[in-house]
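Single-structure report; data block below.
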Amino acid sequence: MSETSKNKPVILSGIQPSGILTIGHLTGALRNWVQLQDTYECFYMIADLHSITSRQVPADLRKRTLDTAAMFIAAGIDPDKSTLFIQSQVPQHSQLTWVLNCFTGMGECSRMTQFKDKSSRQADNINVGLFSYPVLMASDILIYQADLVPVGGDQKQHLELTRNLAQRFNHNYSPTFKVPEPYIPKVGARIMSLQDPAQKMSKSDVNERSTIFLTDSDEQIRNKIKRAVTDSGSEVKFDETRPGVANLMTLYHAATGKSFAEIEMEFAGQGYGNFKSAVGNAVADYIRPIRERFVEIRNDKNRLNGILRHGAEQAGSCAMKTLRKVYKKVGFVSF
Ligand code: AQP
């Protein structure tokens, strides 16, 4: 965070280190985050506290946390412009969560559709953390007095809870939290699974062929796209009733910037075979420089650790200001 960024509106966002980032994270989150860096004061976190609501292998989690941080930088997050940090290294997130837990109704959390979805997916591990996940998310946002939060459709309900909690606390005591607004990015392609285009492409999909990871080699990318599920028919035309082809067109658009009309013209009269190899090549060209930067950044451990340590200090000093106010208002003694 530079001196000049202090009066800019604040944005907070994060990604869980629960797997290797996919091309969906690039188009749906990181690419937009990069553009926001000049206009906003941005806090970008690796949300490791959130990720343990599902079981993680400790060594994998440590590795993926650093991988995710390196990938943020490789995708263009500039630690001189934005505050980049690991969530668990800023304890104020957890401290504020406890206070906000005491202001949240059981009913409010049990209404969350993501809780219902996730509990049905991990029926053997419906833990309290999964239940109060939205309260931690509210703390992530409110602790930095964020003005705006980039949200996808699946997080809208959580942001609504965040706003309610901020208003409730402010009303109960006195103005303490900024009430954040959703930020809907101008562009942001949602990428679907290559094997089941009705589902979002996801880093924890058990079928690796469904997902293009940002660490995939050119050959892996081309092969996965070659084997992607398409629909019956042979025309390259954007049609939501043919989600397989629509998804490949979205990928081609993301990689080349070409519009759907341009893509339809380019492949008019050609079968899916030609189209898939063009998509494979374009996506490989698009990912390659990011993957190469990632390897370079990830191998320079001292630099990466330094960036994250500095990010956590900056985030922590900002978070502490809010936490102090909150503790004072609820009646905790301070010396
Ligand atoms: N396929 C996608 N297309 C567009 N945007 C996507 N995002 C994720 N996948 C796609 C965007 O990434 C941000 C948050 O990612 P996250 O990993 O914290 O949570 P998630 O959305 O639950 O992603 P995954 O890959 O599905 O995670 P797992 O498998 O661990 O549950 C959001 O901005 C999201 O829109």
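Whatever order the structure lists ligands and atoms in, that order sets their numbers, starting from 1.
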key: Pro150, Ser204, Ser51: member with heavy atom nearest to atom 29 (O) of ligand 1   =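 Heavy atom nearest to atom 29 (O) of ligand 1 belongs to Ser204.
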
key: Selection from Ala254, Ser13, Ala29 by shortest heavy-atom distance to atom 13 (C) of ligand 1   =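 Nearest option to atom 13 (C) of ligand 1, by heavy atoms: Ala29.
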
Quick one: look up the protein heavy atom nearest [atom] and list residue, atom name and how far away it is.
{"atom": "atom 18 (O) of ligand 1", "answer": "Gln16 N, 3.0 Å"}
{"atom": "atom 2 (C) of ligand 1", "answer": "Gly24 CA, 3.5 Å"}
{"atom": "atom 27 (O) of ligand 1", "answer": "Lys203 NZ, 3.0 Å"}
{"atom": "atom 12 (O) of ligand 1", "answer": "His25 CD2, 3.2 Å"}
{"atom": "atom 22 (O) of ligand 1", "answer": "Lys200 NZ, 3.6 Å"}
{"atom": "atom 3 (N) of ligand 1", "answer": "Ile191 N, 3.0 Å"}

Using distance alone, with no hydrogens and no angle criterion, decide if [X] and [Y] have a side-chain donor and acceptor under 3.5 Å apart.
{"X": "Ser82", "Y": "Gln37", "result": "yes"}
{"X": "Asn207", "Y": "Asp205", "result": "no"}
{"X": "Thr176", "Y": "Lys329", "result": "yes"}
{"X": "His253", "Y": "Thr250", "result": "no"}

key: Interatomic distance, His310 atom NE2 to Asn305 atom CG [nearest 0.5 angstrom]   =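 These two atoms lie 14.5 Å from each other.
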
request  = To the nearest 0.5 Å, tell me how far Phe72 CZ sits from Asp78 CG.
outcome  =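 These two atoms lie 14.5 Å from each other.
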
ask   = Heavy-atom distance from atom 35 (O) of ligand 1 to the protein below 4.0 Å?
value =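 No; the ligand atom in question lacks any protein heavy-atom contact below 4.0 Å.
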
Heavy atom of protein inside 4.0 Å of atom 32 (C) of ligand 1, strictly below =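 Not a single protein heavy atom is under 4.0 Å away.
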
inquiry  = Can you tell whether the side chains of Asp285 and Arg288 come within less than 4.0 Å, N to carboxylate O?
reply    =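 Salt bridge present between Asp285 and Arg288.
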
message = Quick test of your reading of the model: are Arg168 and Glu108 salt-bridged, counting only N-O distances below 4.0 Å?
response =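 So Arg168 pairs with Glu108 through a salt bridge.
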
Just jot down the ligand 1 atoms closer than 4.0 angstrom to any heavy atom of [X], in number order.
{"X": "Met201", "result": "1 (N), 2 (C), 9 (N)"}
{"X": "Arg190", "result": "3 (N), 4 (C)"}
{"X": "Ile15", "result": "15 (O), 16 (P), 17 (O), 18 (O)"}

inquiry  = Please classify the Ser18 to ligand 1 contact at 4.0 Å (heavy-atom distances, strictly less than): side chain, backbone, both or neither.
reply    =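 The part of Ser18 near ligand 1 is the side chain, not the backbone.
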
message = Would you say CD of Glu208 has more than 12 non-hydrogen atoms from neighbouring residues, nucleotides or ligands within 6.0 angstrom?
response =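 Counting other residues, nucleotides and ligands, CD of Glu208 stays at 12 neighbours or fewer.
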
ask   = Counting only heavy atoms not in Lys116, do more than 12 sit closer than 6.0 Å to its NZ atom?
value =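 Check passes, neighbour count above 12.
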
Do [X] and ligand 1 have an N or O pair less than 3.5 Å apart?
{"X": "Thr27", "result": "no"}
{"X": "Ser202", "result": "yes"}
{"X": "Met192", "result": "no"}

Criterion side-chain contact (heavy atoms from CB on, under 4.5 Å) against Leu214, the qualifying member of Ile287, Asp67, Thr22, Ile20 =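 Only match with Leu214 under side-chain contact (heavy atoms from CB on, under 4.5 Å): Ile287.
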
